[in-house]
Amino acid sequence: RKFSLEANNKQAAENPARGQTSSSTQAESMPPFMPPGRGPPPPPEPPPPVAMNPFNALGLLGLLVQSLVVFILVCPMPSNQVRGFIVGGFNELWTKSPTVRSAATLLCALNAIAFAVNLSALAEPVPPPPPRPDPFFCDAGASRFAAER
């Protein structure tokens, strides 16, 4: 059974013996800190999506291609003839296509650069964030506190 505030108010108006009268309003059933007729505030909007760095996208694409090749090579094969055909195909593609060799070399170089950048970033300690001013000890907070009193 779904909860419906309108149905609940209608039922309370029809049955005053339950301790509620027809003059009970929605404001009485809500907490005192919430104004009548208003619900809780809507949730905050999620941050806008961030585009992926092209350097990372290229590295991810290379990782996916390399993973696919390794997956094909380690999969169980029905016979050695099938395995030989697949390995021979990869070998022929590697030897006859300078584009594949250049792309693999480029991706290897990009991975080495990314590793060096990440390693240098890990070598430096992260500085702590600057301290946030406490609103009770700054002048604006003190004046607000005095105004409330």
Side-chain angles (χ1 to χ4, degrees), residues 1-13 20 24-149:
R1 180 177 164 209
K2 291 185 178 179
F3 175 78
S4 170
L5 189 58
E6 292 84 14
N8 196 12
N9 285 342
K10 182 179 177 184
Q11 185 181 16
Q20 293 182 346
S24 66
T25 63
Q26 183 181 2
E28 291 175 356
S29 64
M30 297 184 97
F33 58 88
M34 192 175 298
R38 296 189 60 186
E45 292 185 22
V50 178
M52 183 182 272
N53 184 354
F55 183 76
N56 291 340
L58 190 60
L60 179 64
L61 180 67
L63 175 71
L64 293 175
V65 170
Q66 292 169 7
S67 299
L68 179 67
V69 170
V70 169
F71 179 73
I72 291 172
L73 289 175
V74 300
C75 273
M77 301 291 168
S79 68
N80 283 338
Q81 289 177 337
V82 174
R83 182 174 300 280
F85 178 74
I86 291 175
V87 171
F90 280 135
N91 190 21
E92 185 177 342
L93 180 67
W94 181 260
T95 57
K96 297 211 174 168
S97 177
T99 307
V100 172
R101 287 193 307 264
S102 299
T105 305
L106 179 67
L107 286 175
C108 185
L110 288 176
N111 283 332
I113 292 169
F115 179 75
V117 167
N118 289 332
L119 193 62
S120 68
L122 287 175
E124 298 175 10
V126 177
R132 293 175 49 188
D134 192 357
F136 291 110
F137 295 114
C138 67
D139 293 334
S143 63
R144 270 189 264 129
F145 182 74
E148 288 179 6
R149 291 289 174 169

Calculate, to the nearest 0.5 Å, the distance between atoms CG and CG belonging to L110 and N56 respectively. 10.5 Å
I'd like to know if the side chain of R83 reaches the main chain of C75, judged simply by a donor and an acceptor atom lying under 3.5 Å from each other, with no hydrogens or angles considered. yes
Can you confirm whether more than 12 heavy atoms, excluding those of F85, are under 6.0 Å from its CZ atom? no
Heavy-atom nearest pair, K96 first then R101, reads N-NH1, 4.3 Å
Without swapping roles, check the side chain of S97 against the backbone of W94 for a donor-acceptor pair under 3.5 Å. no
Euclidean distance, L106 CG relative to L58 CG, rounded to 0.5 Å: 6.5 Å
Might you point out which heavy atoms bring I72 and M77 nearest each other, and give the distance in Å? O-CE, 3.2 Å
Go through the steps to decide whether V82 and S79 satisfy the test side-chain contact (heavy atoms from CB on, under 4.5 Å), and finish with yes or no. CA-CA 6 Å; V82 174; S79 68; 3.6 Å; yes
Got more than 12 heavy atoms from elsewhere within 6.0 Å of CG, N80? no
Measuring from atom CG of N91 to atom CD1 of I86, what distance do you get when rounded to the nearest 0.5 angstrom? 13.5 Å
side-chain contact (heavy atoms from CB on, under 4.5 Å) test vs F90 passes for just one of V69, T95, V100, namely V69
Between CG on residue N111 and CG on residue N118, distance to nearest 0.5 Å: 10.5 Å
Return the minimal non-hydrogen interatomic distance between L73 and V87, and the atom names on each side. CD2-CG2, 4.0 Å
